[in-house]
Every structure is written in C-alpha cells, then in structure tokens.
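Keep in mind that this is a model prediction, so the values were computed, not measured.
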Amino acid sequence: MTGPGISRFGPEEEAEVLSVVRERELSRYRFDDHDGSAPLSKVARFEQEFRTLTGARHCLGMNSCTSALFAGLLAAGVGPGDEVIVPGYTFIAPIAAVVHTGAEPVLAEIDESLLLDPADVAAKITARTKAVIAVHMLGAPCDLDALGAVTREHGLLLVEDCAQAGGGTYHGRHLGTFGVFGAFSLNVFKTFTAGDGGVLLTGDDELYETAFALHDHGAAPLRMGVTDGPPLFGLNLRMHELTGAVALAQVRKLPDILRTLRANRDKLADAIGDLPGVTRRPLHDPDGDCATVLAYTFASAATAGEVATRLGTITLSRSGKHHYANMSQLRPDPPAPTVSKTPRPERAVLHRHYPPGSLPRTDDLLSRSIALSVGVVDSYLGSGVGIDVNADDDAIEAAARLFKTTVEDATKAAL
C-alpha cells in the first residue's frame with residue numbers, strides 16, 4: 001500500500017531532511033534571526049515553490065489537509081447557521097471540517113464521473129447555503145465550469161478539496177486556484193507526500209491573512225506582528241520543518257510523477273480496451289487528471305461485486321470513510337436533531353441525517369464501480385489492485401490481462 005510520491009523517495013528527500021537535522025532548526029521560525037539574513041526555512045521554500053508551480057497568489061503549509069479545510073472555511077466566514085454542500089462520495093475530512101465550524105454539511109449526489117453533480121448541488125441550495133466544496137476524488141477534476149456557474153449565480157463560495165489531486169489541472173489551470181481557497185494533502189497515499197501535512201492555496205489576501213492567524217495563534221503572516229484584522233484566538237496547525245523538507249523535495253518531482261502516471265494510465269486503458277457491460281469513468285479534463293487510478297462502472301452491482309471479489313478488491317461503495325453510507329456519524333441515532341459526540345457538541349448539531357439510501361444515485365454508482373490503481377495502491381480506498389507508478393510495460397500488460405480475463409469470467413458466470 002503506497003502512493004506515487006513515496007514510491008519516488010530518494011537521496012533528494014534524505015538531503016533536505018539531513019540539512020534540517022544538522023542545522024538543528026526544527027521549526028519554520030528562526031528565533032535568533034533578528035536581521036532577516038538567515039536562509040528561508042524549508043517550509044517557506046516549499047510554500048514558495050508550490051505557489052510558483054500552481055500559479056497561486058498565496059500558499060500556506062499546514063499540518064494536514066483537514067486543518068487547511070477547517071482554517072480556510074473559518075477564514076471565509078463559514079459558521080453557525082450556514083450550510084455547506086459536500087458530495088456523498090468524499091473522504092470524511094471536509095464533512096468534519098464543516099461540522100467543526102458550527103455549520104451544517106448538506107450532502108449531494110455524484111454523477112457518472114464519480115464527482116459532485118452540479119445539477120444536484122443547484123437542487124440542494126437553500127437560503128442558508130454559504131459554500132460548496134468540490135472534492136476532486138480519485139485524482140480527477142470536478143466540472144468546475146458548471147460548479148462555478150452555480151456558485152456565481154447564487155452568490156456562494158466555491159471551495160476545492162484537492163487532497164487526492166495534488167498537481168492536477170482543469171483546462172490548463174491548477175486545481176486549488178478556482179475556488180476561494182484550495183486544500184491539499186501530503187498523506188502517504190497522495191501524488192506527492194511528506195507522510196502527513198497539508199497546504200492551503202488562495203488568491204484572497206484577507207483570507208490568507210486570517211487563515212495564517214488561525215493556524216498560528218493569531219499571528220500575521222510570517223509572524224510580522226499580529227493580524228491586521230480583528231483579534232482572534234488562533235490554533236497551532238503549523239507545518240513542521242522536517243515535513244517541509246520532505247515536501248520541498250517532493251514538489252520538485254511532482255511534474256515528472258504526473259507525466260509518468262498519465263502515460264501509464266493511457267497504456268493500461270489501451271491494453272484493457274472496450275469491455276461489454278463496462279464503462280470507463282468519464283473525465284471532465286483527461287489532460288488534467290492526476291491518473292492515480294483507472295475507474296470502471298459496470299452495468300450491474302452484482303457483476304461489479306463478483307469482479308471485485310475475484311480480483312481481491314472492493315467496489316467503491318465499500319471504501320470505508322469515503323462513502324457517506326459508511327459514516328456512522330451521519331446516521332439518525334438517536335432521531336434528529338442529533339448532537340454528535342464532539343468535545344463541543346453544541347457546535348455540531350445535525351438537522352439532516354444520511355443513513356444508507358439517502359443518496360440513491362451515489363449508492364448505485366459506487367456499488368457498480370471499481371478502481372484499478374495506476375499509482376495509488378490503497379485497499380481502503382478501493383484501489384488495491386492494478387499497477388504502481390514504477391510499473392514497466394510488462395506489468396501494465398499483465399494487469400490489463402488480469403482485469404479483462406476476470407471481467408469476462410465473471411460475466412460468463414452471471415449468465
């Protein structure tokens with residue numbers, strides 16, 4: 001089980017980490033640098049290089065993508081009384097981030113792309129809706145044209161959860177730069193990694209300043225005094241210097257990692273070809289897809305389940321805390337309104353609940369879909385079989401042959 005980034009670890013990561021250890025500078029701040037002459041910290045250099053790569057105005061390294069979502073939502077003004085629309089197929093983190101702001105998550109359906117359905121988003125908007133979180137699941141960009149049109153029409157904030165799509169683009173522009181902010185993960189299963197960690201990108205000066213204060217005890221960016229806005233109680237959500245060192249080496253490898261993933265995705269898809277009763281997941285921008293997986297949707301859930309069992313994997317409906325139906329926090333127990341079990345329960349009142357069956361289209365699509373790994377080998381996600389980022393042509397051919405044969409055998413058995 002691994003992601004593309006960690007598969008490319010080498011002397012570059014070692015060198016960056018060793019320099020931190022040898023200099024004994026484990027915080028991004030150089031507390032004895034009174035004249036500003038010390039070299040930039042690893043975290044600051046990572047922020048600078050990721051900002052340059054993506055074309056974002058501001059980049060903030062954090063301790064996780066969840067923290068980036070939480071701080072970003074708070075900085076954007078999301079809070080009690082608000083509703084935030086989130087897809088029913090997502091990791092639980094954006095839902096949790098919304099809950100901890102005091103706002104209420106409202107779940108929407110996905111479409112055949114396995115991403116947030118703009119039409120259902122429009123149908124879920126109420127007078128309380130404040131924001132929409134576009135989650136670029138399985139490395140592919142959402143339909144940002146349609147989602148942007150919906151959010152602009154209704155005066156809503158568009159937020160991008162890019163946890164699984166680091167380095168991805170949409171029509172040539174980097175993900176994370178379309179919304180009011182974008183949040184990224186550096187978890188071990190991601191396109192580039194530091195073990196854990198997160199990033200917030202934004203083009204909004206005020207949001208950046210407020211998010212910085214929230215992530216660093218109320219400080220202004222780079223601790224140049226306190227924030228110019230109203231005083232606030234920030235937290236400690238900072239990125240560690242060792243994390244920044246690994247992230248710095250990894251971000252330099254990201255373009256090459258993505259080129260390899262996309263080339264291998266195309267080879268694997270071509271080798272599989274067309275199969276009866278199976279449809280390849282449509283992509284809103286194939287060139288911008290991170291190509292971490294190759295997903296297929298079957299005509300029936302029974303066939304998908306049989307193929308998954310024979311391959312030793314699972315359908316996407318069973319992928320842990322990615323399918324809302326598997327999230328016990330969203331079930332009405334006791335009956336609504338429910339106060340969830342958090343340290344501050346008064347800030348987490350759920351007036352809507354989502355037991356299995358609440359999003360029938362999402363349930364149906366995920367029950368009929370299987371993801372083959374191209375670079376993210378993760379059985380929990382549902383991509384435990386396929387190839388990894390270092391696969392050669394023989395490994396790609398073997399994976400394609402196995403999938404084709406399994407589909408054909410399962411289809412025959414179902415007749």
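D289 and R265 are joined by a salt bridge, as a carboxylate oxygen and a charged side-chain nitrogen come within less than 4.0 angstrom of each other. We find that K42 and E25 are not joined by a salt bridge, their nearest charged nitrogen and carboxylate oxygen being 4.0 Å or further apart. A salt bridge is defined here as a Lys NZ or Arg NE, NH1 or NH2 lying under 4.0 Å from an Asp or Glu carboxylate O, and E16 with R252 meets this definition. A salt bridge links R310 with E306: at least one charged nitrogen is closer than 4.0 Å to a carboxylate oxygen. Contact check on R45 versus E241 returns no salt bridge, with no Lys/Arg side-chain nitrogen under 4.0 Å from an Asp/Glu carboxylate oxygen. With respect to the salt-bridge test (charged N to carboxylate O, under 4.0 angstrom), the residues R361 and E109 do not qualify.
Between atom CG of residue D378 and atom OG1 of residue T2 there is a gap of 9.5 Å, rounded to the nearest 0.5 Å. Atoms CE and CG, from M62 and L214 in turn, are 8.0 Å apart once rounded to the nearest 0.5 Å. Here T191 contributes atom OG1 and L261 contributes atom CG; the two are 8.0 Å apart, rounded to the nearest 0.5 Å.
No side-chain donor from either of T297 and E112 sits under 3.5 Å from a side-chain acceptor of the other. Defined by atom type and a distance below 3.5 Å, a donor-acceptor pair is present between the side-chain atoms of D111 and S113. Defined by atom type and a distance below 3.5 Å, a donor-acceptor pair is missing between the side-chain atoms of N63 and H240. For the residue pair T169 / R173, no side-chain donor-acceptor distance below 3.5 Å is found, with atom types taken as modelled. Using modelled atom types and a 3.5 Å distance limit, the side chains of H136 and E160 yield a donor-acceptor pair.
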(message) Apply side chain to side chain donor-acceptor pair (under 3.5 Å) to residues T193 and Q250 and explain how you reach the verdict.
(response) CA-CA 7 Å; T193 184; Q250 282 273 292; 5.5 Å; no

(request) Give the C-alpha distance, both sets of side-chain angles, the deciding distance and a yes or no for side chain to side chain donor-acceptor pair (under 3.5 Å) between Y170 and D287. (result) CA-CA 8 Å; Y170 183 72; D287 293 336; over 6 Å; no

(request) Would you please test H323 and D363 for side chain to side chain donor-acceptor pair (under 3.5 Å) and show each step? (result) CA-CA 8 Å; H323 182 195; D363 298 340; 2.9 Å; yes

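Nearest heavy atom pair, residue D285 against residue G172, reads OD2-N, 4.2 Å. Contact record, L147 with C142: CD1-CB, 3.8 Å, taken as the closest heavy-atom pair. Here the shortest heavy-atom pairing between R152 and D145 reads NH2-O, 4.5 Å. Nearest heavy-atom pair, P356 versus A325, reported as atom, atom and distance to 0.1 Å: CG-O, 3.6 Å. Scanning both residues, G386 and A399, for their nearest heavy atoms gives O-CB, 4.1 Å. Smallest separation of non-hydrogen atoms from T292 and P4: CG2-CG, 4.4 Å.
Between the D388 side chain and the A391 main chain, a donor and an acceptor come within less than 3.5 Å of each other. Of the possible polar contacts, none joining the T101 side chain to the L74 backbone as a donor-acceptor pair under 3.5 Å is found. Using modelled atom types, no side-chain atom of T90 and backbone atom of P87 make a donor-acceptor pair closer than 3.5 Å. A donor-acceptor contact shorter than 3.5 Å is absent between the side chain of R238 and the backbone of H215. Using modelled atom types, one side-chain atom of S319 and one backbone atom of L316 make a donor-acceptor pair closer than 3.5 Å. A donor-acceptor contact shorter than 3.5 Å is absent between the side chain of T315 and the backbone of I370. Under a 3.5 Å cut-off, the side chain of N326 and the backbone N or O of S317 do form a donor-acceptor pair.
In this pair, Y324 and Y354 present their aromatic rings perpendicular. The plane angle is above 60°, beyond the 30 to 60° band. By the 30° and 60° cut-offs, the orientation of the rings of F50 relative to F192 is tilted.
At most 12 non-hydrogen atoms from other residues, nucleotides or ligands lie less than 6.0 angstrom from CD of E206. Around the NZ atom of K253, the shell of radius 6.0 Å holds more than 12 heavy atoms that belong to other residues, nucleotides or ligands. By the 6.0 Å contact criterion, CZ on R262 is enclosed, its count of non-hydrogen atoms from other residues, nucleotides or ligands being greater than 12. Environment of CG in D256: crowded, with over 12 heavy atoms of neighbouring residues, nucleotides or ligands closer than 6.0 Å.
The aromatic ring centres of Y208 and F181 sit 6.0 Å or more apart. In this structure, the ring of H322 has its center less than 6.0 angstrom from the ring center of Y380.
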